Trainee: 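Structure provided below as structure tokens; questions to follow.
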Amino acid sequence: MKLTGIGASEGVAVGPAFVPATGKPEPERDRITEAEVEAELQRFKEAVEAVAGNLSQTGDRLRASGSEEEAGIFDFHVEMAEDPELASAVEQRIRNLESPEAAVLAVGEEYAAEYAAMDDEYMASRADDVRDVTGQISAQLMDRGASAFEALKTPSVVLAHSLAPSDTARIQKGMALGFVTAEGSRTSHVSIMARSMGIPAVVGVGLALEDILAAKTVAVEGREGYAIADPDADTVAQFERMSGALAEERAALEEYRHVEASTSEGRRIEVAANIGSPSEAEGALHWGAEGVGLFRTEFLFMERDDLPSEDEQYEAYSAVANVFGEKPIIVRTLDVGGDKDLPGVDQADEENPFLGWRGIRMSLDTPELFEPQLRAILRAAADGKLKIMFPMVADVGELEAAKARLHKCRRELESEGVKIGEVETGVMIETPAAAICAGLLAEESAFFSIGTNDLVQYTLAADRGNERLRRLQNADHPAVMALIQRTCEAASSAGIPVGVCGEAAGEPEMIPKLVELGVTELSMAAPQIPRAKKVVSEQ
Ligand code: PEP
Ligand code: MG
């Protein structure tokens with residue numbers, strides 16, 4: 001069986017299927033004490049609300065995009081999650097000192113057995129729905145969402161409805177051979193992660209994913225964007241040939257790895273890497289990175305359950321500085337919110353997370369997160385050429401407030417006698433407001449870097465993770481190009497460099513257009529660097 005979707009990260013892989021969400025959750029505890037009953041009843045209620053809320057959001061989104069029938073499935077799941085009889089059966093068990101996670105699974109099994117025994121085929125098939133919903137409530141109670149990924153111990157192709165950055169961040173190195181997801185686009189974070197990891201990804205295959213969840217083996221082709229469940233021997237042989245051809249293609253680009261790329265007119269374009277952790281630094285150098293154009297520091301925070309201390313962050317930034325030596329590293333301050341949750345921080349649910357408490361907005365409101373990070377970067381700047389970049393800036397006031405906070409941290413470190421280095425500060429241009437006010441921001445910035453992923457999403461009002469909006473997830477749109485041009489002109493007038501660190505920077509068809517508009521640096525997933533240098537050199 002073949003599924004087609006969006007080719008989000010090129011490469012091919014064949015491997016065992018890993019489906020994180022379908023494993024039957026095992027309760028962490030079977031019993032509770034009398035004293036815990038009230039608190040556990042409350043936790044159960046909150047878990048039901050959270051699961052029903054997520055399900056109804058998915059239903060609303062499907063309905064809004066015209067998928068009435070699929071939305072109906074989610075409505076049914078919401079009803080099931082909120083079913084008063086189910087709740088009272090679970091509550092009764094909790095009062096009998098059963099843990100809520102065990103109780104909800106047990107009641108789910110009872111209901112499922114009743115449905116399965118029905119003659120009507122439609123009703124019988126509802127058994128899986130009950131298990132699914134009660135399993136989600138149980139997982140919610142155990143805060144288990146992410147741990148399934150940590151448990152992945154055999155290199156596998158991961159099949160999932162969607163993959164949050166905190167999911168992919170928890171997968172151990174080498175354990176994911178490829179990703180196939182129902183949701184997502186080329187600029188959703190799962191795609192970005194796949195490209196950095198150099199593994200194939202097919203996203204946005206839709207609900208058809210369900211048809212292959214039982215597959216033992218899956219073959220993924222991430223350029224065209226398709227996946228084949230339980231491929232036969234001929235298909236496996238064909239994938240081996242494709243893999244060989246790709247390796248040849250990559251070998252032919254080898255000679256560009258360490259080229260300093262210039263256009264035929266002699267314009268030098270720096271080509272740098274986007275990284276998410278110190279472990280990617282060596283690999284980035286290997287691919288020919290002339291620096292780090294974007295260090296997404298939030299991944300340091302997401303691959304664990306608690307927050308990294310200032311010292312731990314210092315170690316991480318300093319480790320990258322030591323690998324890159326004199327080469328510049330643009331460290332982006334925490335950009336959580338949107339689709340990136342932070343374990344260990346209480347983020348209230350938001351109606352519109354991508355338009356919500358994200359990036360610099362959250363950092364400015366949370367000095368206990370922001371200041372240790374700024375201090376750690378200032379300290380690590382003594383070990384290399386670190387620059388600080390603020391994400392999601394919408395106006396000069398935010399930039400000034402962030403710089404004031406940096407100044408405060410610098411003064412404090414100086415008075416403590418701690419060794420620090422010089423850092424330039426720059427702004428990520430990823431809101432239309434920032435692009436429109438680029439002239440004002442340039443007066444206060446040492447550099448710009450254009451985040452086309454968000455700039456596209458906010459300019460075209462098109463959710464970057466929604467597989468149905470593919471046509472609009474494209475930086476090569478006149479409105480986006482006009483904002484990029486405006487940003488480049490503002491940078492040029494102020495005499496500051498302007499990079500692109502969104503996914504468009506690594507796309508061969510976009511590179512000449514960005515360079516033409518005046519971009520001076522391109523930053524991308526490291527494996528894309530040699531090809532980008534070739535495209536620039538041939539321009
Ligand atoms: C962007 O928005 O283009 C960007 C590079 O940031 P992120 O993808 O991490 O939001
Ligand atoms: Mg962004």
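This chain uses plain numbering: 1 for the first residue, then up along the sequence. It should be emphasised that the depicted structure is a prediction, and the values quoted were computed from it without experimental measurement. Whatever order the structure lists ligands and atoms in, that order sets their numbers, starting from 1.
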Trainee: Any ion pair linking Arg531 and Glu249 (charged N to carboxylate O, less than 4.0 Å)?
Mentor: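 Here Glu249 does not pair with Arg531 in a salt bridge, since their nearest N and O are not under 4.0 Å apart.
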
Trainee: Please check if atom CD in Glu282 has more than 12 non-hydrogen atoms from other residues, nucleotides or ligands closer than 6.0 Å.
Mentor: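 Counting other residues, nucleotides and ligands, CD of Glu282 stays at 12 neighbours or fewer.
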
Trainee: Checking Ser492 against Glu489 for the side chain to side chain donor-acceptor pair (under 3.5 Å) test, could you report, in this order, the C-alpha distance in whole Å, the side-chain angles of both residues, the deciding distance, and whether it holds?
Mentor: CA-CA 5 Å; Ser492 159; Glu489 284 167 2; over 6 Å; no

Trainee: Applying ring pair (Phe, Tyr, Trp, His ring centres under 6.0 Å), can you list everything that pairs with Phe295, at least two apart in sequence or on another chain?
Mentor: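 Ring pair (Phe, Tyr, Trp, His ring centres under 6.0 Å) list for Phe295, sorted by chain: Tyr317.
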
Trainee: How does Ile192 reach ligand 1, by side chain, by backbone, by both or by neither, if only non-hydrogen atoms under 4.0 Å count?
Mentor: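 Only the side chain of Ile192 comes within reach of ligand 1.
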
Trainee: Which ligand 1 atoms, with their elements, are less than 4.0 angstrom from a heavy-atom of Arg296?
Mentor: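 What qualifies from ligand 1 is 4 (C), 5 (C), 6 (O), 7 (P), 8 (O), 9 (O).
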
Trainee: How far is atom 6 (O) of ligand 1 from its nearest protein heavy atom, and which residue and atom name does that atom have?
Mentor: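 The closest heavy atom on the protein side is Arg332 NH1, 3.0 Å.
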
Trainee: So which heavy atom on Ala8 is nearest to which on Val203, and how close?
Mentor: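 Nearest pair, atom of Ala8 first, then Val203: CB-CG2, 3.9 Å.
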
Trainee: Just let me know how Leu294 lines up against ligand 1, side chain, backbone, both or neither, with a heavy-atom cut-off below 4.0 Å.
Mentor: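 Looking at Leu294 and ligand 1, just side chain atoms fall under 4.0 Å.
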
Trainee: Under 3.5 Å between some N or O of ligand 1 and some N or O of Ile450?
Mentor: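 In this structure, Ile450 places no N or O atom under 3.5 Å from an N or O of ligand 1.
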
Trainee: If the cut-off is 4.0 Å to any non-hydrogen atom of Glu430, which atoms of ligand 1 fall inside it?
Mentor: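 By the 4.0 Å cutoff, the relevant atoms are 1 (C), 2 (O), 6 (O).
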
Trainee: Is the side chain of Asn352 donor-acceptor paired with the backbone N or O of Phe354 at a distance under 3.5 Å, no angle test?
Mentor: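 Not a single qualifying donor-acceptor pair exists.
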
Trainee: Got an N, O or S from Asp335 under 2.8 Å of the Mg ion (ligand 2)?
Mentor: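 Coordinating: no.
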
Trainee: Look at the side chain of Arg358 and the backbone N and O of Pro353, then say whether any donor-acceptor pair between them is shorter than 3.5 Å.
Mentor: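 Judged by distance alone, no pair lies under 3.5 Å.
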
Trainee: With heavy atoms only and a cut-off of under 4.0 Å, state how Glu503 meets ligand 1: side chain, backbone, both or neither.
Mentor: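 For Glu503, no heavy atom sits under 4.0 Å from ligand 1.
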
Trainee: Check ligand 1 against Cys501 and write out every atom of the ligand that is under 4.0 Å from a heavy-atom position of the residue.
Mentor: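 Going through ligand 1 atom by atom, the ones under 4.0 Å from Cys501 are 5 (C).
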
Trainee: Among the N, O or S atoms that Glu430 has, which is closest to the Mg ion (ligand 2)?
Mentor: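 The closest N, O or S atom of Glu430 to the Mg ion (ligand 2) is OE1.
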
Trainee: Consider ligand 1: state whether an atom of it lies below 4.0 angstrom from any non-hydrogen atom of Arg464.
Mentor: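 In this structure, Arg464 qualifies as a contact of ligand 1 - some heavy atom is under 4.0 Å.
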
Trainee: Non-hydrogen atoms of Arg358 versus ligand 1: any pair closer than 4.0 Å?
Mentor: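 Contact present.
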
Trainee: Tell me which N, O or S atom of Asp454 sits nearest to the Mg ion (ligand 2).
Mentor: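 Within Asp454, restricted to N, O or S, the Mg ion (ligand 2) is closest to atom OD2.
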
Trainee: Closest heavy-atom contact between Gln539 and Ile511?
Mentor: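 Closest approach of Gln539 to Ile511, heavy atoms only: OE1-O, 4.4 Å.
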
Trainee: Would you say ligand 1 has an N or O under 3.5 Å from any N or O of Glu298?
Mentor: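 No; every N/O pair is 3.5 Å or more apart.
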
Trainee: Are side-chain N/O atoms of Gln140 and Gln136 paired as donor and acceptor at under 3.5 Å?
Mentor: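 No, because no side-chain N or O of Gln140 sits under 3.5 Å from a partner of the opposite role on Gln136.
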
Trainee: Compare every heavy atom of Lys513 with every heavy atom of Asp476, then report the nearest pair and how far apart it is.
Mentor: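 Looking at all heavy atoms of both residues, the closest pair is OD2-NZ, 2.5 Å.
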
Trainee: For atom 4 (C) of ligand 1, what's the nearest protein heavy-atom neighbour? Residue, atom name and distance, please.
Mentor: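 The closest heavy atom on the protein side is Met428 CE, 3.3 Å.
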
